[in-house]
2 protein chains.
Amino acid sequence: MVNLKVNYDEYIPLRDIVFKTLREAIITGDLKPGERLMEIKLANELGVSRTPVREAIRKLELEGLVIMTARKGAEVAPINEKDLREVLEIRKVLESLACELACKNVQPENVVVFEEINAKTEEAVKNERIEEITKQDVAFHEAIYSITKNDRLVQMLHNLKEHIFRYRLEYIKDMKNKGTIVEEHKKIIDAIASKNVRAACKEIERHIEVQEKYILNTLIKEAK
Amino acid sequence: MVNLKVNYDEYIPLRDIVFKTLREAIITGDLKPGERLMEIKLANELGVSRTPVREAIRKLELEGLVIMTARKGAEVAPINEKDLREVLEIRKVLESLACELACKNVQPENVVVFEEINAKTEEAVKNERIEEITKQDVAFHEAIYSITKNDRLVQMLHNLKEHIFRYRLEYIKDMKNKGTIVEEHKKIIDAIASKNVRAACKEIERHIEVQEKYILNTLIKEAK
DNA sequence: CGATTGTATATTGTATACAGTATACTATCT
DNA sequence: AGATAGTATACTGTATACAATATACAATCG
């Protein structure tokens, strides 16, 4: 018999496509903070009916990317310093937990992967390829997540990272800090490789704090 | 002029009512793990149309309380040891963060509130009033959250706690551990009152670990 | 001219209708 | 009898229709 498995993952409901599309638009800033999300308009633009749009908005609401006002509708959640601080405060302890779990589960082959990613990051930094730096940075953190064996944690970190992205796109353009990323990642890799939980947590927290500082600088600059 | 503020919070969309109703039903076990959530059936039972039911399900999906299968529908997420461990692992670090922030922000009057709640808990334990113990336990943790000044953290902890509730209802009935709650809370209060971050974190983590142990015991017993 | 009311329009909230797929059951064939 | 195909039914996915409310603008009154 031929292996003709009907791939169930193949079918993606419109609501999920709309959800991802809108989320992407919010994260990239295509939809600006405060901008209203009008169902009919979005439906027309996306070529679907209101139903999938509404369902997508419900999810965005729970993710905190849009704010609902009863009978008025949804608007893109504002970004501000308080929000950023809150998210990073949480992300810091969750990334730290991820590192702790990574220390417990790490295998030699994982370390190889970490180092490969970091080599690519270094390369990207040399060539000043910002897109690539971002991509590899994400890949690095994902690689850590993947060995935590805590699916819910991974999901939550994904979610938080998307929020950060709303800010980070600006920050990453600031090339001043690009050199330190590689070094910071190196320290984290070493700590995890040697299963040094304390050091790993310390380094990842510092790593996030560095980010925080740069992003806040950018925010303040923009406000001026 | 008369103060006739039209309370905007007064109006609650059906989808939110349905959402809360279904969530409650899942948490209390009224809707059992694995049970299918059929839209028409639920709509009829609740006396609404499918639309608000669907939107509520979308939110439950993102909260992880229901699992979607494309074109088949939603079913109540199963509860199992892995899920519980994952949630508690996360909750531990987030509660710990909450305590850390509480240490930073705590005022004398907050401590008074903590102690009042714990006195009520002790009273409830004496009278073996399980409902009341649960209520006061929740109030205690909420009281800590309320001084963290991190709204997103509070929201996430709320969410996690609801998941735990699916398990805890069983565990709290096990009266063996009821005595220790008051002591544990006392230690946490003292640590926060003296702004001893390290001790507060240690105690809250231990507090959650105790819970975890009891819940897991209950789960294993039930599996038999 | 400013304030207020009335009215039209836009938008959300909710219900319903229609289309397509999955599931269960029955009938048929071997 | 067991397997397969056919068919009816149930349910989700999507679109649309209708109702209620918010918003903006014009008309009216003082």
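Just so we're on the same page: letters track the sequence lines, and every chain starts at 1.
Using a 4.0 Å heavy-atom distance criterion, A/R50 is classed as a base contact. No engagement by B/I57 is indicated, since no non-hydrogen atom pair under 4.0 Å with the nucleic acid exists.
Remark: side-chain polar atoms of A/E55 are not paired, donor with acceptor, to backbone N or O of A/R15 under 3.5 angstrom.
Within the 4.5 Å cutoff, the side chain of B/L97 has heavy atoms near those of the B/E100 side chain. Side chains of B/I181 and B/H185 form a contact here, defined as non-hydrogen atoms less than 4.5 Å apart.
Interatomic distance, CD1 of A/I215 versus CD of A/E212, reported as 8.0 Å (0.5 Å rounding).
In this structure, the CD atom of A/E75 is 12 Å from the P atom of C/dT12, given to the nearest Å. Separating the CE atom of B/M68 from the P atom of C/dA22 is a distance of 14 Å, rounded to the nearest angstrom. Rounded to an integer number of Å, the gap from CG of B/L46 to C1' of C/dA15 is 15 Å. For the pair A/L42 CG and C/dT11 P, the computed distance is 11 Å after rounding to whole Å. Residue A/E35 contributes atom CD, which lies 16 Å from atom C1' of C/dT11 at whole-angstrom precision. Between the CG atom of A/N44 and the P atom of C/dT11 there is a distance of 11 Å, rounded to whole Å. For the pair A/F19 CZ and D/dG13 P, the computed distance is 16 Å after rounding to whole Å. Note: CD1 (B/I40) to C1' (C/dT16) measures 11 Å, nearest angstrom.
Between B/Y11 and D/dA22 there is no side-chain polar atom (N or O) within less than 4.0 angstrom of OP1 or OP2. A/R71 has a side-chain polar atom (N or O) that falls below the 4.0 Å cut-off from OP1 or OP2 of D/dA22. Residue B/R54 places none of its side-chain N or O atoms closer than 4.0 Å to OP1 or OP2 of D/dT12.
Heavy-atom nearest nucleotides on DNA chain D were determined for B/T51 and for B/L37, and the one closer to the 5' end corresponds to B/L37. Toward the 5′ end of DNA chain D lies the nearest nucleotide of A/S49, the other residue of the pair A/R36 and A/S49 mapping further downstream.
The B/E55 side chain lies nearest to C/dT14 when the options are C/dT14, D/dA15, C/dT23. The side chain of B/M38 lies closest to D/dC11 when the candidates are C/dA15, D/dT14, D/dC11. With C/dA15, D/dA15, D/dT14 as the choices, the nucleotide that has an atom nearest any side-chain atom of A/V48 turns out to be D/dA15.
Under the 30°/60° scheme for interplanar angles, the aromatic rings of B/H207 and B/H141 are found to lie parallel.
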